[in-house]
Amino acid sequence: MLRFFRNIRQGLLTQNKFSKYLLYAVGEILLVVIGILIALQIGDWSQEALYRKLETEYLERFVVDLNRDQELVEMAEEFLVSKEESLKKVREFIDDSTTMYVDSVMVTIRESAIVGTDLPSERLTGTIQEIISSGHLRLIQNIELRNTIINYYSTWEHQNLRIEKKRSDYTDLVFQITDREGFFQQNPLHKGKSLKGVLSDLKIEALFYRHFMKEANYLVFTDGRIQERKIMLETLQALIGEELNRIGTKLH
C-alpha cells in the first residue's frame, strides 16, 4: 500500500504536475489524520467499555456487601427486641421488693445486659476501601449514587461511635451480682435472698437503678440508629439496582 502511494507521488512529480501533487499530498495528510482520529476513537471506545465493565463489577460487589449489612441490621433488630423484653422483666423485678434472687431472675438480668450490647459488626468493607484507595470511585457515573455510597459508609461508622458512647456500666454491675458461667451452680450465690437485698448488701442499689435506666435509654437510642441505617441501606440497594439495570440496558 505504501509503495502504491509512493509511485503515485513519483509519477506526479515526474510529469511536473505540481498542483495535482499538492492536492494529492493534502489528501494523503487528511487520510493520515482521519486514520489517527479513528484509532483514537476506537481507543476511547475500548477504554470506555473497560470503565463500564469495572463500574459494573464494583456495583455488583457492593450488592454482595450490602446484603451482608442487611443481615447484620436484621440480627441487630432481633437482639434489640430480646433486650427490650428482658429489660421489661427486670423492671418488674425491681418494682417488686419481694422478688427472690432465684436462677430464673438471675438469667433474665444477665440476658438484659448481654443481648444487644455488642451489635453484630462482621461487615464486608473490602469494596469501599478498594474503590476509594484506587481512585476508582469516579468510575461510578451517577453522581447521586456516588454520594449516597460515601454517605452510607461514613454514616454507619459515625453511628457506631455514637452508639458506643451511649453505653452504660449496667453490664459490669450485672456481672457483680450474677454467676456468668454457672460456676456456683451447685451452691448459688446470694441463695435465699431477694434482689433488693442482694443490691443492698453490695451497696450498689442506687447505682444499679441509675444504670438500668441508662441501659433502657441506650436501647431506645440504638434502635433509632438501626432504623435510620435500615432506611439508608434500602435506599442505596435500590439505587444500585437501578444503575445496574441502566448500564446493562445501555451495553446491550
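The figures that follow rest on heavy atoms only: side chains count, while hydrogens, waters and symmetry mates do not.
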Point to revise | Intermediate values then yes/no, salt bridge (charged side-chain N to carboxylate O under 4.0 Å, His left out), Glu215 and Lys166 | key: CA-CA 8 Å; Glu215 195 72 3; Lys166 286 289 183 179; over 6 Å; no
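- Ionic pairing of Glu130 and Arg61 is present here: one or more N-O contacts between side-chain nitrogen and carboxylate oxygen are shorter than 4.0 angstrom.
- For Leu161, the CG atom is densely surrounded, since the number of other residues' heavy atoms within 6.0 Å is greater than 12.
- Taking CD1 of Ile94 as the start and NZ of Lys89 as the end, the distance is 14.5 Å to the nearest 0.5 Å.
- The backbone N or O of Leu66 lies less than 3.5 Å from no partner atom in the side chain of Arg123, so there is not a single donor-acceptor pair.
- Without hydrogens or angle criteria, Asn151 side chain to Asn147 main chain gives no donor-acceptor distance under 3.5 Å.
- The pair Arg229-Glu234 does not count as a salt bridge, with every side-chain nitrogen at least 4.0 angstrom from each carboxylate oxygen.
- Using a 4.0 Å cut-off between a side-chain N of Lys or Arg and a carboxylate O of Asp or Glu, Lys88 and Glu85 do not qualify as a salt bridge.
- Between Tyr170 and Ser112 the shortest side-chain heavy-atom distance falls below 4.5 Å.
- Residues Leu145 and Ile240 meet the side-chain proximity criterion, which asks for heavy atoms closer than 4.5 Å.
- Counting heavy atoms from C-beta outward, Gln227 and Glu77 have side chains that approach closer than 4.5 Å.
- Not a single donor-acceptor pair under 3.5 Å links the side chain of Asp169 to the backbone N or O of Asp172.
- At least one donor-acceptor pair closer than 3.5 Å links the side chain of Thr99 to the backbone N or O of Phe93.
- Asn67 has its side chain within reach of Gln70: a pair of non-hydrogen atoms, C-beta onward, lies under 4.5 Å apart.
- With a 4.5 Å cut-off on side-chain heavy atoms, Leu202 and Phe208 do not count as touching.
- Side-chain atoms of Ser200 never come within 3.5 Å of backbone atoms of Lys196 as a donor-acceptor pair (strictly under, hydrogens ignored).
- With Tyr101 as the aromatic partner, Lys193 does not meet the cation-pi criteria of under 6.0 angstrom to the ring centre and within 45 degrees of the ring axis.
- The backbone N or O of Leu219 lies less than 3.5 Å from no partner atom in the side chain of Asp223, so there is not a single donor-acceptor pair.
- Cation-pi geometry between Arg225 and Phe221 is met: under 6.0 angstrom from the ring centre, within 45 degrees of the axis.
- Within 6.0 Å of CZ in Arg68 there are more than 12 heavy atoms belonging to other residues, nucleotides or ligands.
- In this structure, Asp69 and Leu124 have side chains that are not in contact, with every pair of non-hydrogen atoms separated by 4.5 Å or more.
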